[in-house]
Amino acid sequence: MTTLAATKTLAFDREHLWHPYTSMTEPTSVRLVTGASGARLTLGEDHEVVDGMSSWWSAIHGYRHPVLDAAVVDQVGAFSHVMFGGLTHEPAVALGRRLVEITPEPLERVFLADSGSVSVEVAMKMVLQYQRGVGRPDRTRMLTVLGGYHGDTFDCMSITDPVGGMHAMWAGLLPQQVFAPQPPAYDASEAEIAAWATTLRHIADQHHHELAGIIVEPLLQGAGGMWPYAVECLQVFRDVADEHGLVLVFDEIATGFGRTGHLFVSELVTPDILCVGKALTGGYVSLAAVVTTDAVARGISASESGVVMHGPTFMGNPLACAVASASIDLLLGQDWQAEVHRIGSRLAAGLAPLRELPGVRDVRTIGAVGVVQLDHPVDVVAATDAAIEAGVWLRPFRDLVYAMPPYVINNDELDQLVAGIGAAVRAG
Ligand code: PMP
């Protein structure tokens, strides 16, 4: 692409295209991606940067992976899309089979949705329909915790952290859910965990007559604050759900497919409904899945409609399903745990010295995730510029500079990533 063509592209973009969480009239600058391969993006004519974001945590195998490219091309050669109402196809069935196999045993009924947010919407609709099906139509509210993030549609916003989800701005419009305190940190004391559990139980007791389900991101809260929390909390969610007949939903859209060191956190404590997305297709195209137990499916079938009242146009899109199966096979065909461990320990060692920098509040890692929390909001423009100068792509938010790199990142690239995070922290 010539410099003139690039300038024109960026000028049109600035005038006409909305970017995520960005003003249309006073947008911050965007970079032009002209290529992507392995763990690297090419910006503009030839500025290569190491990708610390995996395109919002989805591109676990990096870019232009030959196996994933081939899966898409092969499927294009057969057919790219057909409706899922009244029709089915091998790519959807093959993916469904894999999801049933690799998720914990009681999860066996699969709904293919077109994005993470939609899968959360579907999961919540299922929870309400299940409660109707088992004769509890008054159970309509979700119990969740502060600090969560579940997507940007209205129901998803209603269970996202009230500050992060801007509940005040949407007062009167969002469904009113029930919030418990944020789970204590991954290294919390037994006493802290017990105190949190007591509060959660108390809130569940108070609201049990109107609660339909519990929904949380298990083990790691992502876009709400990159907060790894005490693993013991998972069993508390399970117990409270069971005590009150609530459906437990784990939103593993960010944590699924190995990111925390577990293929799914749901292997530790199993929910009734699991949502996966993002890395499901290796970040190639949008696809998510809701996987439920048979009991949930039966409850829904007993509700007045008898069906899940949801059926998006691109449900079970064959291209997405084909590349998702290829991505799962690629992941499971390698020692992914060793890769996640390698990335996690190198990030932990590399980021630890940043604790000493002025303005740094905390440094934490879990799985292949490294987080530096500042004691002030990040100057996103300055931090991003500094990272790019250091050859790294990062997208800090709030008070956080963090990385979730593709699993294919090599050690030299990881060292560059750590240097870029340091540069962003110093500048931000
Ligand atoms: N849930 C979680 C935990 C997420 O991290 C996200 C996306 N960041 C979503 C839901 C929404 O997914 P999508 O952006 O695909 O709608």
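Each ligand, and each atom within it, is numbered from 1 in the order the structure gives. Values reported hereafter were calculated over all heavy atoms of this structure, with side chains retained and with hydrogens, waters and symmetry mates removed.
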Output the list of atoms in ligand 1 that are nearer than 4.0 Å to some heavy atom of Ala254, sorted by atom number. 5 (O)
Can you confirm whether or not the ring centre of Trp56 sits under 6.0 Å from the ring centre of Phe397? no
What do you reckon, does Lys278 put a non-hydrogen atom under 4.0 Å from ligand 1? yes
Determine whether the side chain, the backbone, both or neither of Ala223 has a heavy atom under 4.0 Å from any heavy atom of ligand 1. neither
If we number the atoms of ligand 1 from 1 as shown, the ones under 4.0 Å from a heavy atom of Asp251 are 1 (N), 2 (C), 3 (C), 10 (C)
For His208 and His244, take the angle between the two ring planes, folded into 0 to 90°, and tell me which bin it lands in: parallel under 30, tilted 30 to 60, perpendicular over 60. parallel
Are Phe314 and His81 an aromatic pair by the rule of ring centers under 6.0 Å? yes
Could you check whether His65 and Tyr284 have their ring centres less than 6.0 Å apart? no
Do me a favour and list the nearest non-hydrogen protein atom to atom 15 (O) of ligand 1 with residue, atom name and distance? Gly116 N, 2.9 Å
Which heavy atom of Pro91 sits nearest to which heavy atom of Ala322, and what is that distance? CB-N, 4.1 Å
Atoms of ligand 1 under 4.0 Å from any heavy atom of Trp57, numbered from 1 in the order shown, are 5 (O)
Numbering as shown, the atoms of ligand 1 that approach Gly151 to under 4.0 Å (heavy-atom distance): 10 (C), 11 (C)
Can the ring centres of Phe179 and His167 be said to be less than 6.0 Å apart? yes
May I ask whether Tyr149 places a heavy atom under 4.0 Å from ligand 1? yes
Ligand-residue contact atoms, ligand 1 with Glu217, heavy atoms, under 4.0 Å: 3 (C)
Can you pull out the closest protein heavy atom to atom 14 (O) of ligand 1? Residue, atom name and distance to 0.1 Å, please. Ser117 OG, 4.4 Å
Ring centres under 6.0 angstrom apart (Phe154, Trp170): yes
